[in-house]
Asker: 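Dropping the structure in here first, questions after.
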Amino acid sequence: MRGATFNISTADDGTIRLSGRLDAAQEEKAREVLDAASGPTVIDFSELSYISSAGLGVLLRAQKRLMEGGNGLKIVNLSPPIREIFEMAGFDRIFDLE
């Protein structure tokens, strides 16, 4: 979708912040940041308006890698529609959601 914006950044406290639309066009950008994550990692969805199956795949890949080291992703501030997507996909059992 043209004009759809996506941003991913890491705050000073290590929280990864997502904003806009995470879809297949943004998959590589998100993967680069998530591949650099180590230890327990918080991802803030407060400004994320949309996530596609490709975006879910990036998160799942990062979660599997981090869990191998005894860590994982905690996802915070999900909007009701995005929380519903996570629940329908069964991801609420894979990720720590707040």
Side-chain angles (χ1 to χ4, degrees):
M1 173 186 229
R2 279 186 117 32
T5 59
F6 173 74
N7 189 43
I8 183 167
S9 61
T10 305
D12 292 340
D13 66 0
T15 299
I16 296 173
R17 299 190 193 290
L18 304 179
S19 65
R21 297 174 56 89
L22 175 51
D23 56 25
Q26 307 302 332
E27 182 178 359
E28 186 175 329
K29 185 177 182 180
R31 187 172 41 239
E32 286 175 9
V33 173
L34 291 171
D35 281 353
S38 61
T41 303
V42 175
I43 301 181
D44 185 349
F45 271 35
S46 62
E47 295 181 24
L48 192 70
S49 60
Y50 174 81
I51 188 165
S52 71
S53 59
L56 292 172
V58 170
L59 293 172
L60 185 59
R61 178 174 175 244
Q63 177 75 333
K64 285 182 176 180
R65 180 182 57 80
L66 289 169
M67 287 182 77
E68 287 172 1
N71 297 298
L73 298 174
K74 176 190 275 188
I75 301 174
V76 300
N77 300 319
L78 288 89
S79 67
I82 291 179
R83 180 176 292 275
E84 186 176 344
I85 290 168
F86 271 72
E87 291 171 355
M88 288 178 12
F91 279 24
D92 57 328
R93 295 185 297 275
I94 298 170
F95 295 95
D96 181 4
L97 304 180
E98 267 188 27

Asker: Applying side chain to side chain contact (heavy atoms under 4.5 Å, CB included), run through R21 and Q26 and close with a yes or a no.
Answerer: CA-CA 8 Å; R21 297 174 56 89; Q26 307 302 332; over 6 Å; no
Asker: Which is it for L56 and F86 under the side chain to side chain contact (heavy atoms under 4.5 Å, CB included) test, yes or no, and what are the steps along the way?
Answerer: CA-CA 8 Å; L56 292 172; F86 271 72; 3.7 Å; yes
Asker: Are L73 and L60 connected in a single hydrophobic cluster, I mean Ile/Leu/Val/Met/Phe/Trp/Tyr linked by side-chain heavy atoms less than 4.5 Å apart?
Answerer: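 Hydrophobic grouping puts L60 with L73.
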Asker: Charged N to carboxylate O under 4.0 angstrom, R61 versus D35?
Answerer: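 Yes, charged N to carboxylate O under 4.0 Å.
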Asker: Inspect the contact between R17 and E47 and indicate whether a charged nitrogen and a carboxylate oxygen are less than 4.0 angstrom apart.
Answerer: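 No, no charged N to carboxylate O under 4.0 Å.
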Asker: For E87, look at atom CD and say whether over 12 heavy atoms of other residues, nucleotides or ligands are found less than 6.0 Å away.
Answerer: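 For E87, atom CD is crowded (more than 12 foreign heavy atoms under 6.0 Å).
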Asker: With the 4.5 Å side-chain cut-off for hydrophobic clustering, are F91 and L59 part of the same group?
Answerer: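 Linked, F91 and L59 end up in one cluster.
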Asker: Are the side chain of R83 and the backbone N or O of L97 linked by a donor-acceptor pair below 3.5 Å?
Answerer: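 The answer is no, because no donor-acceptor pair under 3.5 Å joins these two groups.
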Asker: Tell me if a side-chain donor or acceptor on T15 pairs with a main-chain N or O of I43 at a distance below 3.5 Å.
Answerer: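 Between the backbone of I43 and the side chain of T15 there is no qualifying donor-acceptor contact (under 3.5 Å).
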Asker: At their closest point, which heavy atom of S52 faces which heavy atom of A24, and how far apart are they?
Answerer: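 Heavy atoms of S52 and A24 come nearest at OG-N, 3.7 Å.
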Asker: Output the distance between atom CZ (R31) and atom CD (E27), rounded to the nearest 0.5 Å.
Answerer: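 If I round to the nearest 0.5 Å, the distance is 5.0 Å.
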Asker: Do T41 and N71 make a side-chain contact, defined as non-hydrogen atoms from C-beta onward lying under 4.5 Å apart?
Answerer: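 Side chain of T41 against side chain of N71, heavy atoms only: no contact under 4.5 Å found.
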Asker: Would one find more than 12 heavy atoms of other residues, nucleotides or ligands at under 6.0 Å from atom NZ of K29?
Answerer: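 Yes, because the 6.0 Å sphere around NZ of K29 holds more than 12 heavy atoms from other groups.
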Asker: How close do G39 and L66 get, counting heavy atoms only, and between which atoms?
Answerer: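 The pair with the smallest heavy-atom distance is O-CD2, 3.7 Å.
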Asker: Let me check something: do L18 and Y50 share a hydrophobic cluster, defined by ILVMFWY side-chain heavy atoms less than 4.5 Å apart, either directly or through other members?
Answerer: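 No; Y50 is not reachable from L18 via cluster members.
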Asker: Once rounded to the nearest 0.5 Å, what's the spacing between atom CG of D44 and atom OG1 of T10?
Answerer: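 Output value for this atom pair is 12.0 Å.
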Asker: Evaluate I8 against L22 for side chain to side chain contact (heavy atoms under 4.5 Å, CB included), listing each step before the verdict.
Answerer: CA-CA 9 Å; I8 183 167; L22 175 51; over 6 Å; no
Asker: Do L78 and I85 belong to the same hydrophobic cluster, where Ile, Leu, Val, Met, Phe, Trp and Tyr are linked whenever their side-chain heavy atoms lie under 4.5 Å apart, directly or via other members?
Answerer: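 L78 clusters together with I85.
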Asker: Rounded to the nearest 0.5 Å, how far apart are CZ of R65 and OG of S38?
Answerer: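 Reported to 0.5 Å precision, the distance equals 7.5 Å.
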Asker: Could you measure the distance from the CG atom of L34 to the CD atom of Q63? Nearest 0.5 Å is fine.
Answerer: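 It is 10.5 Å, given to the nearest 0.5 Å.
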Asker: So which heavy atom on I51 is nearest to which on L48, and how close?
Answerer: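 Reported closest heavy-atom pair: CB-CD2, 4.2 Å.
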Asker: Indicate the atoms forming the closest heavy-atom contact of D23 with A54, along with that distance.
Answerer: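 Taking D23 first and A54 second, the nearest heavy atoms are C-CB, 4.3 Å.
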Asker: For D12, I'd like to know if atom CG has over 12 heavy atoms of other residues, nucleotides or ligands within 6.0 Å.
Answerer: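 Atom CG in D12 is not crowded, with 12 or fewer foreign heavy atoms closer than 6.0 Å.
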